[in-house]
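Inspection log for the structure reproduced underneath, given as structure tokens.
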Protein chains: 2
Amino acid sequence: MARIKIEKNSSRKEVIVSKAAALFREKGFKAASMRDLAESVGVEAASLYNHIKSKTELLHEICFGVANRFMHKMDEVESGSNSAIEKVEQLIRFHIDEMVNHYEEVYVSDREWKHLADPYLSNFQTQRRMYRKRFAAIIEDGIRNKEIKKIDAPTAVLILLHAIGGIESWHRSTQKINASNLTDNMITILVGGLELK
Amino acid sequence: MARIKIEKNSSRKEVIVSKAAALFREKGFKAASMRDLAESVGVEAASLYNHIKSKTELLHEICFGVANRFMHKMDEVESGSNSAIEKVEQLIRFHIDEMVNHYEEVYVSDREWKHLADPYLSNFQTQRRMYRKRFAAIIEDGIRNKEIKKIDAPTAVLILLHAIGGIESWHRSTQKINASNLTDNMITILVGGLELK
DNA sequence: ATTATTTGCTAACACCCGTTAGTATATTAT
DNA sequence: ATAATATACTAACGGGTGTTAGCAAATAAT
């Protein structure tokens, strides 16, 4: 009867949530079964329920964990006194950093939130909408200050977020060493564009 | 005993595939049941099997339908004699057009291909990899010709594709009338960048 | 009109799912 | 050492899944 091994400063529940994130990323929330998860944790399926309430709770934990980190960063960036372009760059760098260091959770939060149950679902959607609005407001500031081109700000936000969120491949194929390399690359493309002027 | 209604030039199977695409987009492949699909088609679940072999076959049809259209367009663009930037713009416009006119299929092909079964899965992945390689080659041509900035071409491709593929919202919220408006907006941002020089 | 084919139906199958009840064992507190 | 708590196990539940068999009705072909 082998217990779930825990590192110090982490509960057994946190171990389960972490393994769940990896599994949900690999198979998708619906396709990943509690028996799959149990096997990956090294325990029988029923035993998981000593630590968690339900499968959906795992998705809550993952999605709102990520959402909260992004919200806090947005607070920080907004209250700073940088230019709009600098703020955009700060946010892009944060998104990429999150993608590198919390890949599974961010990925799942991005792609699997549809399977949240109400009231969590609408709560999550609201937070998402808020975040995008605040991001767009920064861009609109930049347009007003003539730092940024006259473009549709909400569209720009969607482009930025999805461009970053879509980078699945290089997490696996590339080492973290040249992550900063790729970050610069992305910012060059997204802020500066493709065209050589 | 009401039959599945068909428009002229379309088989009953095509009707089912089309409804399946809408359902898979809304709920995800795994979460969408054959009984859900049957209801949306207006028939009992078992009746579907007079027209299709399996649930997975529906996913095959959707994914490879989309993949083939993209491959043909790539053939066309490659063999043209435009500049690299123009070729990139052609491809971006095609992607957006596909997103507008075949939204459900493109979305499902993008997000649900993981649930394909081998050998279709690896086949699909190979096609996908090929497409991206060919896209990257165009960008590298542009870099050599000094049309395009010195950037990492594969990264640029991922950014472009995901930026476009991520635009879920405006299909619902916006009419097709200003789709061309948004297309221009996207090309401005992606080709020209955010920054006002 | 008769036959053949297509398409639908009902019923059921074997299987996988998330979850609970009840119990045994390991760890922690007294 | 003893009691209390936390954690794991086995067994099983009700329900949903994709799919098949067998049959009825509608359409198409002769």
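All values derive from a computational prediction rather than experimental measurement. Each chain gets a letter, A, B and so on, in the order its sequence line appears, and its residues count up from 1.
A:Arg25 has no carboxylate O lying under 4.0 Å from a charged side-chain N of A:Glu105, or vice versa, which leaves the two without a salt bridge.
Qualifying side chain to side chain donor-acceptor pair (under 3.5 Å) partners for B:Glu26, counting only residues two or more places apart in sequence or in other chains: none. Every residue meeting the side-chain contact (heavy atoms from CB on, under 4.5 Å) condition with B:Asn82, not counting sequence neighbours, appears here in chain and number order: B:Glu86, B:Lys87, B:Gln90. Residues that satisfy the salt bridge (Lys or Arg N to Asp or Glu O under 4.0 Å) test with A:Lys73, not counting sequence neighbours, are A:Glu76. In this view, A:Asp97 satisfies the salt bridge (Lys or Arg N to Asp or Glu O under 4.0 Å) rule with no residue, not counting sequence neighbours. For the salt bridge (Lys or Arg N to Asp or Glu O under 4.0 Å) test, residues two or more places apart in sequence or in another chain that qualify with A:Glu89 are A:Arg93. Legend: residues meeting side chain to side chain donor-acceptor pair (under 3.5 Å) with B:Glu78, ordered by chain and number and at least two apart, are B:Arg134. Residues meeting the side chain to side chain donor-acceptor pair (under 3.5 Å) test with B:His51, sequence neighbours left out: none. With sequence neighbours excluded, no residue forms a side chain to side chain donor-acceptor pair (under 3.5 Å) with B:Glu140.
Atom P of nucleotide C:dC17 and atom NE2 of A:His115 are separated by 15 Å, given to the nearest angstrom. Look at CZ on A:Phe24: it is 13 Å from C1' on C:dC17, rounded to the nearest Å. Counting to the nearest Å, the P atom of C:dT6 and the CD1 atom of B:Ile16 are 15 Å from each other. Between the CD atom of A:Glu44 and the P atom of C:dA24 there is a distance of 17 Å, rounded to whole Å. Rounded to an integer number of Å, the gap from OH of B:Tyr49 to P of D:dT17 is 12 Å. Per the geometry, NZ belonging to B:Lys27 stands 12 Å off P belonging to D:dG16, to the nearest Å. If you take NE2 of B:His51 and P of C:dC9, they are 10 Å apart, rounded to a whole angstrom. The CG-C1' distance, from A:Leu48 to D:dC9, rounds to 12 Å in whole Å.
Proximity of residues 30-43 of chain A to DNA chain C (heavy atom under 4.0 angstrom from any strand atom) is restricted to A:Ala32, A:Ser33, A:Met34, A:Arg35. Scanning residues 54-62 of chain A for heavy-atom distances under 4.0 Å to DNA chain C yields A:Ser54, A:Lys55.
Using five terminal pairs a side, the axes of the helix from C:dA1-D:dT30 to C:dT30-D:dA1 at its two ends make an angle of 20°, given in steps of 10 degrees.
For D:dA26, the OP1/OP2 oxygens have no side-chain nitrogen or oxygen of B:Arg3 closer than 4.0 Å. For B:Ser47, no side-chain nitrogen or oxygen approaches OP1 or OP2 of C:dT7 to under 4.0 Å.
Using modelled atom types, one side-chain atom of A:Glu147 and one backbone atom of A:Ala84 make a donor-acceptor pair closer than 3.5 Å.
With hydrogens and angles left out, the side chain of A:Asn50 and the base of D:dA6 share no donor-acceptor pair within 3.5 Å.
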With a cut-off of 3.5 Å and sequence neighbours excluded, list every side-chain donor-acceptor pair involving residues 35-46 of chain A.
from	atom 1	to	atom 2	distance (Å)
A:Asp36	OD2	A:Lys27	NZ	3.3
A:Asp36	OD2	A:Ser33	N	3.2
A:Asp36	OD2	A:Ser33	OG	3.4

